[in-house]
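Hydrogens, waters and symmetry mates play no part in the numbers below; they use all other heavy atoms, side chains included.
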Amino acid sequence: MKFSEMKYERPDIDEIRRSADSIRKEFENAENLEAADECFRKWDRLIAHTDTMMSLAYVRNSINTQDEFYENEVEYTDEIAPVFTEIQQSFARLLVNSRFREGLEKKYGRLIFLNSEIFLKAFSKEIIPETQQTNKLETAYQKLIASAQIELDGKKYTISQLSPFKQSADDDLRRRAWLAEAGFYSENGDKLDEIFDSLVKLRDQKGKKLGFDNFVRLGYLQMNRNCYTPEDVEKFRRAVVKYIVPVADRLYREQAKRTGLEYPMTFADSALRFRDGNPKPQGTSEDILRTAKQLYHSLSDETAEFIDTMFEDGLLDVLSKKGKASGGYCTQLADYKVPFIFANFNGTADDVEVMTHEAGHAFAFWCARDIFPSEYQSPTLEACEIHSMTMEFFGWRMSDEFFGSDAAKFRYNHLFGAITFIPYGAMVDHFQHIIYEKPWLAPSQRHEVWKELMGDYMPWIRLDGTPFYGEGRGWQRQLHIYENPFYYIDYCLAQTVALEFRELMQTDPEKAWTQYMKLVRRAGTQTFDELVETAGLRSPFDEETLKEVAESTVKWLDENGLRS
């Protein structure tokens, strides 16, 4: 079915509650395993249908934040979401305590029960008011960013549309674009501080209501961390500083020399990778989409069927326009067994990277669409990001078609960005740990924390070069910090594994694809560490993994470096 034809119906929370009550009673009164299993399936269908309606409202609101109908629907779903979570939790409690648990565990594995136990610790009806307020604040942040109309040389642009100018080889134009964007954020700085301050305090209240010292442990439970701890993540961040930051610093020093710009670099100058300009995809947005279709036809029969369905049913919206939400994401529409890709093309190499990245998520769901229970269709988010970040590297096989004469530049730029991203991502995570461990910090103190962390994780940046960014406020443009606390480290863990995959692609591309498909087909039936092992790769929490990834990446960059 085409996306435009998918019917949206507002989820009636009272009707959902009545249906849930009926299924729970039936489950409690089940006389045998078969009857209990059938109730489990009914419950799964109820949850999947409600999730589908919420996703439809979210996607259509993202496509046009000025559409009053879907704006109202998102406001409504923000309000009922925590109530729906409470309803879901009521069945999880029955499931883990069921007299049929042993039989269900034999049939579906232990993970559904482990995740349910985590879910029961991560939510209570006591925190519904705070959750409703945080949902509204997250939506307010997204709407504020989507409202941006930034003037540059007499024309107005969204944040996404401004991106090509922020990478321009014309030093004056590039710096003015960064100043223009900084102006928007500075004008809204107090509002951004106000939103985040409220979010921090509300999340801290939630943590304390559930018996924790602060939000950190609750944040990990809400991310369904089922095989590692904050202490493991702290160890990973230390290894990033030890092995990745020196490599990234060396690469930026070479970039400054290559572009004839001063080191340490301003944010604006760090965005220029090559003196004659960053790689740009050839042709139009439509050309990129056509080449993407060719890419997925070249990989396998499964990817060919997947991409044809995405295009034929209008399951992607990737062109940037006024009123459209910022960023990019992939979500799933469980009732229809299809994913949806949302993005904002802007004429830069990011268009190709976001297309392959989000398609990696989408293809993984496509492969898992028939798995039951539906919770197993998606693993925890750091494993999901392996699907997407590795798919970016499989996209190299069509880099000549995507970029033409800029193909070599693109490959260098992409790998450069992959390895240098890890310190930034680790810094975002470190920042959030500090903020939620010290929720009493004033907004100005949070900016100082960001500045200090930049000295550890991004020493190649000169803070005095760009307003807003130089004031330690750059974190305010990172959507995940507002909307998805503790998500960002997932990208770093996944990027490490994706870089392992990239190295395997260089030596044995057929094996790399086989191992990738093995990983994807396991979907969410294993924990993150088990999935990495399934793929035949080493854990990113092993310090030696980061060391080897750094060495192999810089070796390739040295051998394929460009001088212009």
Side-chain angles (χ1 to χ4, degrees), residues 7-28 39-62 69-97 112 115-143 195 198-199 201-212 215 218-219 221-224 331-335 373-375 378 482-485:
K7 185 179 179 181
Y8 169 76
E9 294 177 341
R10 172 178 279 198
D12 185 330
I13 195 65
D14 293 326
E15 179 58 36
I16 293 167
R17 197 190 300 277
R18 284 191 290 271
S19 296
D21 288 343
S22 175
I23 296 170
R24 281 199 309 272
K25 287 177 184 176
E26 191 176 344
F27 185 81
E28 287 181 288
C39 291
F40 188 19
R41 291 178 179 275
K42 287 182 183 179
W43 183 266
D44 197 80
R45 288 193 292 270
L46 173 65
I47 301 306
H49 177 67
T50 306
D51 280 338
T52 300
M53 293 303 107
M54 289 182 167
S55 291
L56 279 173
Y58 183 80
V59 170
R60 287 172 176 162
N61 177 246
S62 297
F69 175 79
Y70 283 109
E71 179 181 13
N72 290 333
E73 293 309 292
V74 168
E75 288 179 0
Y76 169 74
T77 56
D78 282 348
E79 189 74 20
I80 68 164
V83 181
F84 180 53
T85 301
E86 182 189 6
I87 292 171
Q88 291 175 279
Q89 198 178 54
S90 68
F91 190 82
R93 189 171 292 108
L94 285 181
L95 188 66
V96 299
N97 294 312
I112 187 72
N115 290 343
S116 293
E117 288 166 354
I118 290 173
F119 180 35
L120 290 171
K121 296 175 184 176
F123 186 81
S124 163
K125 64 181 180 180
E126 295 177 5
I127 64 171
I128 285 179
E130 289 86 358
T131 304
Q132 289 171 328
Q133 291 179 65
T134 56
N135 288 345
K136 290 177 181 178
L137 288 164
E138 289 164 11
T139 299
Y141 172 80
Q142 186 178 99
K143 189 173 182 180
I195 291 172
S198 297
L199 285 169
K201 288 179 169 57
L202 286 165
R203 288 167 180 156
D204 184 61
Q205 288 173 24
K206 289 200 289 185
K208 287 174 177 170
K209 275 191 175 184
L210 294 185
F212 302 103
F215 177 70
L218 176 57
L221 291 173
Q222 290 181 341
M223 289 297 295
N224 198 29
T331 191
Q332 59 197 56
L333 303 167
D335 278 1
S374 58
E375 180 179 323
S378 178
Y482 284 79
E483 297 189 8
N484 305 101

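Note: Gln133 CD to Asp78 CG = 12.0 Å, rounded to the nearest 0.5 Å. Rounded to the nearest 0.5 Å, atoms CD (Glu9) and CG (Leu56) are 10.5 Å apart. The CD1 atom of Ile13 lies 10.5 Å from the CD atom of Glu79; values are rounded to the nearest 0.5 Å. Rounding to the nearest 0.5 Å gives a distance of 8.0 Å between NZ of Lys125 and CD1 of Ile128. A distance of 7.5 Å separates OG1 in Thr139 from CG in Asn61, rounded to the nearest 0.5 Å. How far CD1 of Ile23 is from CG of Leu94: 11.5 Å, rounded to the nearest 0.5 Å.
By the salt bridge (charged side-chain N to carboxylate O under 4.0 Å, His left out) test, Arg18 is found to be paired with Glu15, residues two or more places apart in sequence or in another chain being considered. Scanning for salt bridge (charged side-chain N to carboxylate O under 4.0 Å, His left out) contacts around Glu126 gives an empty result, with sequence neighbours left out.
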Decide salt bridge (charged side-chain N to carboxylate O under 4.0 Å, His left out) for Arg60 and Glu73; before the verdict, give the C-alpha distance in whole Å, the side-chain angles of both, and the deciding distance to 0.1 Å. CA-CA 10 Å; Arg60 287 172 176 162; Glu73 293 309 292; over 6 Å; no
For Ile80 and Met54, what are the C-alpha separation, side-chain angles and deciding distance, and is it a side-chain contact (heavy atoms from CB on, under 4.5 Å)? CA-CA 10 Å; Ile80 68 164; Met54 289 182 167; 3.7 Å; yes
As a quick check of understanding, evaluate side-chain contact (heavy atoms from CB on, under 4.5 Å) for Asp204 and Lys201, giving each step before the final call. CA-CA 5 Å; Asp204 184 61; Lys201 288 179 169 57; 5.6 Å; no
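Nearest heavy atom pair, residue Ile127 against residue Ala122, reads CD1-O, 4.2 Å. Of all non-hydrogen atoms in Leu218 and Lys121, the two that sit nearest each other are CD1-O, 4.5 Å. A pairwise comparison of heavy atoms in Ser116 and Val96 identifies CB-CG1, 3.6 Å as the closest pair. Among all heavy-atom pairs drawn from Leu95 and Phe27, the shortest one is CD1-CZ, 4.3 Å. Contact detail for Tyr482 and Leu199: the closest heavy-atom pair is O-CD1, 3.5 Å. Between Met53 and Pro11, the closest heavy-atom pair is CB-CG, 3.8 Å.
Looking only at side-chain heavy atoms (C-beta outward), Leu137 and Leu202 come within less than 4.5 Å of each other. At a threshold of 4.5 Å between non-hydrogen side-chain atoms, the residues Ile112 and Glu375 count as touching. Using a 4.5 Å heavy-atom threshold, the side chains of Gln142 and Ser62 count as touching. When side chains are defined from C-beta on, Phe123 does not count as touching Leu221, because their heavy atoms never get closer than 4.5 Å. Side chains of Ile16 and Val83 form no contact here, defined as non-hydrogen atoms less than 4.5 Å apart. Counting heavy atoms from C-beta outward, Trp43 and Glu26 have side chains that stay 4.5 Å or more apart.
Remark: side-chain polar atoms of Thr77 are paired, donor with acceptor, to backbone N or O of Val74 under 3.5 angstrom. Judged purely by atom type and a 3.5 angstrom limit, Tyr70 has no side-chain atom pairing as donor or acceptor with the backbone of Val59. Counting only distance, with no hydrogens or angles, the side chain of Asp44 and the backbone of Ser374 share a donor-acceptor pair below 3.5 Å. When atom types are taken as modelled, the side chain of Thr52 and the backbone of Ala334 share a donor-acceptor pair closer than 3.5 angstrom.
Legend: side-chain hydrogen bond (donor to acceptor under 3.5 Å, both in side chains) pairs involving residues 83-97, not counting sequence neighbours, sorted by first then second residue: Arg24-Ser90.
Taking the six-membered ring where tryptophan is involved, the planes of Phe40 and Phe91 are essentially parallel, since the angle between them stays under 30° and well short of 60°.
Remark: Arg10 qualifies as a cation-pi partner of Tyr76 under the 6.0 Å distance and 45° angle criteria applied to the six-membered ring.
Only one option out of Lys206, Lys209, Lys136 pairs with Glu130 in a salt bridge (charged side-chain N to carboxylate O under 4.0 Å, His left out); it is Lys209.
Under a 4.0 Å N-O distance rule, the pair Arg17/Asp21 does not qualify as a salt bridge.
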